Amino acid sequence: MSYRIVIQTETNRGLKAELYAICKVADQLVQGAADHEPSFRQIYKDTGMRQIKFMLNNDSVVLEPGILSYSHGNLSFEVVQQQAGQSGGFLGRAVRSAGTGESAYGTRVSGTGEVWTEPTRKHFVFANMEGGDSMLVDDKAYYAAQGSLRLSTHQHTKVQGALSGNGLMQPRLDGEGLLVIESPVSVHEIEILDVLRGETVTVDGDMMLMYTATMNPRLGPLVKGLRNAARSGEGLVYTLDGPGQVFLTPTHIAAGSLA
């Protein structure tokens with residue numbers, strides 16, 4: 001028998017998100033004291049599977065295509081589409097072919113009711129963006145966002161941006177609302193760097209989950225010169241100028257290097 005246990009909750013106005021751990025439930029025989037008979041108790045074992053429930057109260061949420069499991073309530077659904085470009089489009093996973101001009105799609109759910117996403121083994125980050133915030137997200141990380149957030153596709157205009165692991169385009173989020181991001185590691189393993197004005201951060205692009213939109217990235221060799229770049233062994237790296245924040249997943253890289 002399986003059972004769902006809430007492990008995280010986040011709310012913003014009319015939208016509430018709950019993260020569930022899916023557990024297997026089994027009976028375990030417990031030896032009683034000398035004057036008591038043995039008894040059974042239930043043991044909950046985490047399967048590693050996760051599932052998200054969105055509860056809407058006259059609000060809306062935009063889901064990554066294909067993640068809906070089921071819903072109930074007074075809800076309406078629509079496929080939203082925008083042209084990928086500098087000022088429009090979103091959902092980088094749908095446009096990660098980078099610069100092909102494909103359209104981006106998402107499923108907007110509006111009204112009052114509950115929406116369950118499909119079970120997965122991935123990790124999730126819940127966040128509430130405040131008014132005036134802007135974030136650029138790795139194109140494989142976007143999962144869902146409150147309808148009050150403005151989602152667009154940020155297009156890197158420099159050639160260096162097109163060479164990045166994120167491709168020519170990345171999802172960009174502006175405004176205020178609840179955001180759910182997929183992560184290759186648990187939220188406890190994510191490192192947040194606060195970069196001050198005048199400071200820079202240099203990082204392998206595969207380690208970046210998201211970063212402040214004002215930190216326009218530059219992609220290039222760690223050191224100048226073809227011979228020096230080859231000797232460094234680092235290949236191409238991101239350089240971002242402060243002020244801003246960068247969210248990194250360093251343990252994901254470490255785990256991958258051990259495989």
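Just so it is clear, the structure is predicted and the values come from calculations on it, not from any experiment. We number each residue from 1, following the sequence as shown. Just the heavy atoms: all of them, side chains too, but no hydrogens, waters or symmetry mates, feed the values below.
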Is there a side-chain contact between [X] and [Y], using heavy atoms and a 4.5 Å cut-off?
{"X": "Y143", "Y": "V125", "result": "no"}
{"X": "R172", "Y": "L151", "result": "no"}
{"X": "E176", "Y": "M129", "result": "no"}
{"X": "V115", "Y": "L63", "result": "yes"}
{"X": "H252", "Y": "M207", "result": "no"}
{"X": "S71", "Y": "F77", "result": "yes"}
{"X": "M208", "Y": "V203", "result": "yes"}
{"X": "L179", "Y": "L149", "result": "yes"}

If two hydrophobic side chains count as joined below 4.5 Å and joins carry through other members, does [X] share a cluster with [Y]?
{"X": "I67", "Y": "V61", "answer": "yes"}
{"X": "F124", "Y": "I22", "answer": "no"}
{"X": "V185", "Y": "I192", "answer": "yes"}
{"X": "V137", "Y": "V80", "answer": "yes"}
{"X": "V180", "Y": "L68", "answer": "yes"}

From [atom1] ([X]) to [atom2] ([Y]), nearest 0.5 Å:
{"X": "L178", "Y": "T11", "atom1": "CG", "atom2": "OG1", "result": "8.0 Å"}
{"X": "I190", "Y": "L248", "atom1": "CD1", "atom2": "CG", "result": "9.5 Å"}
{"X": "M49", "Y": "S2", "atom1": "CE", "atom2": "OG", "result": "9.5 Å"}
{"X": "Q245", "Y": "D194", "atom1": "CD", "atom2": "CG", "result": "4.5 Å"}
{"X": "N58", "Y": "T112", "atom1": "CG", "atom2": "OG1", "result": "5.0 Å"}
{"X": "M135", "Y": "L173", "atom1": "CE", "atom2": "CG", "result": "8.5 Å"}

Contact summary for [X] and [Y], nearest pair of heavy atoms:
{"X": "G177", "Y": "Q146", "answer": "CA-OE1, 3.4 Å"}
{"X": "Y142", "Y": "I181", "answer": "CA-CD1, 4.2 Å"}
{"X": "C23", "Y": "Y44", "answer": "CB-CB, 4.4 Å"}
{"X": "G111", "Y": "L75", "answer": "C-CD2, 3.8 Å"}
{"X": "P65", "Y": "G106", "answer": "CG-CA, 4.2 Å"}
{"X": "M55", "Y": "E18", "answer": "CE-CD, 3.3 Å"}

Legend entry - Distance-only polar pair, side chains of R13 and S148, donor-acceptor under 3.5 Å: yes

Inset, instruction - Verify side chain to side chain contact (heavy atoms under 4.5 Å, CB included) between T117 and F54, making sure each step is shown before the conclusion. - result: CA-CA 8 Å; T117 63; F54 293 102; 3.9 Å; yes

Legend entry - W116 ring center within less than 6.0 Å of Y20 ring center: yes

Less than 3.5 Å apart, which donor and acceptor atoms pair up between the side chains of residues 3-10 and the rest of the protein, not counting sequence neighbours?
{"residue": "R4", "atom": "NH1", "partner": "Q51", "partner atom": "OE1", "Å": "3.0"}
{"residue": "R4", "atom": "NH2", "partner": "Y70", "partner atom": "OH", "Å": "3.4"}
{"residue": "E10", "atom": "OE2", "partner": "N128", "partner atom": "ND2", "Å": "2.8"}

Ignoring hydrogens and angles, tell me if any N or O in the side chain of [X] forms a donor-acceptor pair with the backbone of [Y] under 3.5 Å.
{"X": "S134", "Y": "A213", "result": "no"}
{"X": "T202", "Y": "T239", "result": "no"}
{"X": "Y211", "Y": "T214", "result": "no"}
{"X": "D59", "Y": "L56", "result": "no"}

Legend entry - E182/R50 salt bridge by N-O under 4.0 Å criterion: no

Inset, instruction - Run the salt-bridge test on E199 and R197 with the 4.0 Å N-O cut-off and return the result as yes or no. - result: no

Inset, instruction - Evaluate the side chain to side chain contact (heavy atoms under 4.5 Å, CB included) criterion for residues S183 and L209: first the C-alpha distance (whole Å), next the side-chain angles of each, then the deciding distance (0.1 Å), finally the verdict. - result: CA-CA 7 Å; S183 170; L209 188 65; 4.3 Å; yes

Legend entry - Steps toward side chain to side chain contact (heavy atoms under 4.5 Å, CB included) verdict (T249, E189): CA-CA 7 Å; T249 58; E189 299 176 59; over 6 Å; no

